Novice: 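One structure coming up, written as structure tokens, with questions to follow.
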Amino acid sequence: MRPARLGRLVGQNLRRSRREFLLSSFGIAVGIASLAFFAALSEGVREVVLGRIFHADRIELEPMKSTFELPSLLGGGPRPVGDDTVAKLREVPGVRRVTRRMRFQFPAKAWGGAELFGSNRYAELIAEGLDPDAVAGERFDPEPFADLEAGGPAGSSHDACNADPDCRRAGEYCAWDVHRCEKPVPMIISRTLLELYNAGFAPSHNLPRVGDFVASRFRGFTVTVELGVSFMGGPAARGQPRQRRAMLVGVSDRAIPIGVSFPLPYVQRWNAEYVGGAAGQGASSVVVEVDDKRAITGAAAAGRALGLSVVDSGAEQAGLAITFVGLLFALVSLAIVVVATLNIAHTFYRAVAERLRELGILRAVGASAADVRQLLLGEALAIGLAGGAAGVVTARAAATLCDLAARRFVPDFPFKPESFFHFSPLLVLAVMGFAVAACLGGALLPALAAARTPPAEALTSR
Amino acid sequence: MSAPAVVELQDVAKDYGGEPVLRGVSLTIGAGELTALVGRSGSGKSTLLHIMGGLDRAWRGTARVLGTDVGALDDRGLARFRNRRVGFVFQAFHLLEHLTCAENVALPSYFDGEARSDGAARAREALDRVGMADFAARLPGQLSGGQKQRVAIARSIFHRPELLLADEPTGNLDSETGARTIDLFRTLNAEGLTMLVVTHEERVSQAARRVLRLEDGRIAEGTAAGSGAR
């Protein structure tokens with residue numbers, strides 16, 4: 001039968017049996033709506049958790065910790081990641097970038113924020129050194145995220161404070177211990193810190209939320225950092241405490257999640273000054289970024305071969321938890337779809353029994369067994385498409401309602417997304433395909449049975 | 001010289017659940033004949049008609065209809081044979097209630113595999129031939145029994161078949177309507193259409209030139225002095 005004529009015949013039959021058609025489509029729509037809703041929820045949450053909180057395209061590797069490692073036993077801290085290790089990791093297939101990080105290994109504290117909060121806030125400094133290469137391509141201002149003490153056009157003037165006591169003309173300040181003008185140390189913060197501020201600190205202190213736009217307005221905001229001393233512990237084992245000014249130059253996903261990140265060379269120099277020469281060498285850990293997240297496994301294996309272990313970020317557990325919950329929801333939805341499929345099969349068996357004589361008439365005027373099969377499967381296809389489309393529309397509507405309710409009634413929390421759902425074209429296609437497959441599956445046996453019935457028998461059926 | 005054979009059956013047999021219904025039927029029907037097949041209820045008349053029309057495949061023997069060995073055709077071949085070469089008229093009319101008369105008549109065009117789109121015009125022409133052109137847009141439920149049977153006849157001649165097989169075509173009609181239906185058959189036969197009419201009604205068999213009687217699963221031939229035969 002020609003497709004246009006098949007479509008016309010299917011349309012005529014569905015118009016004739018509107019009630020059955022709507023009931024069957026409704027059954028499929030309910031199953032598909034729940035399947036699409038939970039799949040989109042799972043995808044949406046996964047996108048936030050693995051896309052914004054954890055990053056699936058990078059891992060952090062640090063030297064393996066061993067109880068019997070000599071430097072640990074002697075109190076020298078873990079051995080650093082050397083440049084040779086970094087070079088080998090860069091050669092691993094699929095690796096896009098390898099950047100170094102270095103922890104603060106001495107006490108430090110910081111204060112500031114009077115212009116923002118009305119009075120200064122004091123805190124222990126949680127910070128790290130971050131390879132400027134890690135944020136290459138990102139925009140920072142008013143200063144670059146780089147070692148400004150290394151000289152060059154953007155570097156500190158190191159003029160004596162006598163000539164310009166406030167050092168303001170060059171955007172510098174007077175470092176009182178060396179009595180020289182220096183540029184503040186560039187620092188960046190992570191989006192996680194911003195989210196924690198917005199969801200916890202800002203509401204509890206009645207402060208405004210800081211979005212990306214507002215955060216960009218705070219670029220140039222400075223705090224005072226005092227190296228070598230702590231509010232809670234004693235001073236550093238060596239070196240003299242001194243103050244440095246640090247300036248916020250931007251927000252980056254590559255910054256330490258909670259704390260601030262300085263350019264690596266500063267931290268290397270400070271670790272050497274306050275802990276010892278070896279503490280300023282190499283890196284505490286390295287971040288390996290890959291082109292395709294499937295290459296992560298290979299990068300982790302290469303790291304292990306070089307004596308490194310993966311820093312547990314919790315991403316794996318979070319991903320597993322989301323997958324598990326998503327699967328659970330999917331199973332419930334599948335159960336609904338299976339029930340709907342059985343309903344379709346039952347509907348078609350009944351319809352075939354009731355329409356057997358009608359099918360016999362079609363056979364008498366020239367329909368082949370294949371034509372009968374195509375006709376019934378065509379009707380199932382129409383039910384699947386209608387039910388699938390209705391299911392997707394219903395799921396989208398339910399998702400929109402949930403998002404509206406969440407915006408209105410759920411308090412802010414870090415990384416609270418605008419939408420908890422992600423309806424990708426692939427997901428929509430997949431659930432539509434599933435709806436069609438379920439209907440075709442449900443109608444297949446009745447269609448085959450109808451096609452097998454001899455025309456003479458079909459014509460004489462009651 | 002006798003007319004060329006349109007139907008040639010040789011030792012056609014069929015059982016239903018082990019019970020023989022046809023016990024080796026052999027017969028020949030020539031082109032242009034109007035033949036009546038009579039017999040008691042359950043004697044296998046309809047079964048024989050189904051075999052000739054390619055509606056049944058589970059039988060034994062040889063059946064050449066319109067020069068085609070219908071026993072050798074596969075499902076697709078039989079479907080094409082039913083679509084293009086034979087027409088059926090049934091006692092219960094067998095119209096699809098959700099389609100208009102014109103759509104019912106044009107039903108064979110859905111399965112003819114041709115790209116032509118003049119099904120509606122040809123359906124109207126067929127309806128015109130049976131005097132039902134004014135009822136093209138009506139649903140079968142809006143027609144009388146006689147009118148339904150005329151629409152069913154229009155559908156059977158839609159593709160201008162060479163053989164018309166009618167199974168108790170006047171069984172559900174009153175005598176006056178039945179007579180008009182018989183007249184229509186005679187007209188179609190006069191135009192050259194070969195017809196086999198299964199019936200148990202005297203008035204129908206009287207219209208036929210030849211009467212075949214089915215008894216105990218075998219043909220016992222007799223000839224009627226049908227005034228309407230060619």
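Just so it is clear, the model here is predicted, and its values are computed rather than measured. Residue numbers start from 1 in every chain, and the chains themselves are labelled A, B, ... in the order their sequence lines are given, proteins ahead of strands.
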Novice: As an exercise, state the distance from CZ of Arg2(A) to CG of Asp112(B), rounded to the nearest 0.5 Å.
Specialist: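 Taking CZ in Arg2(A) and CG in Asp112(B), the distance rounds to 8.5 Å.
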Novice: Does any backbone or side-chain atom of Leu459(A) lie under 4.5 Å from a heavy atom of chain B? Answer side chain, backbone, both or neither.
Specialist: both
Novice: Counting only non-hydrogen atoms closer than 4.5 Å, can you tell me which residues of residues 370-402 of chain A sit against chain B?
Specialist: Ala370(A), Asp371(A)
Novice: I want to check something: taking the side chain as every heavy atom from C-beta on, are Thr460(A) and His50(B) in contact at a cut-off of under 4.5 Å?
Specialist: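 Yes, at least one pair of side-chain atoms sits under 4.5 Å.
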Novice: Does a side-chain heavy-atom distance below 4.5 Å link Leu96(B) with Arg357(A)?
Specialist: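 In short, these two side chains do not touch, never coming nearer than 4.5 Å.
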Novice: Using a cut-off of under 4.5 Å on heavy-atom pairs, state which of Arg155(B), Glu97(B), Arg80(B) scores highest against chain A.
Specialist: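 Heavy-atom pairs under 4.5 Å are most numerous for Arg155(B).
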Novice: What part of His94(B) lies closer than 4.5 angstrom to a heavy atom of chain A: side chain, backbone, both or neither?
Specialist: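 Backbone plus side chain of His94(B), per the 4.5 Å heavy-atom cut-off to chain A.
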Novice: Sort by residue number and list every residue of residues 98-110 of chain B having at least one heavy atom under 4.5 Å from chain A.
Specialist: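 Those residues of residues 98-110 of chain B which have a heavy atom under 4.5 Å from chain A are His98(B), Leu99(B), Glu103(B), Leu107(B), Pro108(B), Ser109(B), Tyr110(B).
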Novice: Against chain A, label Phe158(B) side chain, backbone, both or neither, depending on which of its atoms sit under 4.5 Å from a heavy atom there.
Specialist: neither
Novice: Please find the pair of heavy atoms, one from Asp56(B) and one from Ala456(A), that lie closest to each other, and give the distance.
Specialist: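 Here Asp56(B) and Ala456(A) meet closest at CB-CB, 4.3 Å.
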Novice: Report all side-chain donor-acceptor pairs from residues 130-144 of chain B shorter than 3.5 Å, counting only partners two or more places apart or in another chain.
Specialist:
from: Gln142(B); atom 1: OE1; to: Leu139(B); atom 2: N; distance (Å): 2.7
from: Ser144(B); atom 1: OG; to: Gln147(B); atom 2: N; distance (Å): 3.3
from: Ser144(B); atom 1: OG; to: Gln147(B); atom 2: OE1; distance (Å): 3.2

Novice: Report, as yes or no, whether the 6.0 Å neighbourhood of atom CZ on Arg124(B) holds more than 12 heavy atoms from other residues, nucleotides or ligands.
Specialist: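 Counting neighbours around CZ of Arg124(B), 12 or fewer heavy atoms of other residues, nucleotides or ligands fall under 6.0 Å, so no.
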Novice: Should we say atom CG of Asp216(B) is surrounded by more than 12 heavy atoms from elsewhere, each under 6.0 Å from it?
Specialist: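 Not buried by this count: 12 neighbours or fewer within 6.0 Å.
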Novice: Which residues in residues 361-368 of chain A have a heavy atom less than 4.5 Å from any heavy atom of chain B?
Specialist: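 The stretch touches chain B at Ile361(A), Leu362(A), Arg363(A), Ala364(A), Val365(A), Gly366(A), Ala367(A), Ser368(A).
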Novice: Are there over 12 heavy-atom neighbours, none belonging to Arg8(A), within less than 6.0 Å of that residue's CZ?
Specialist: no
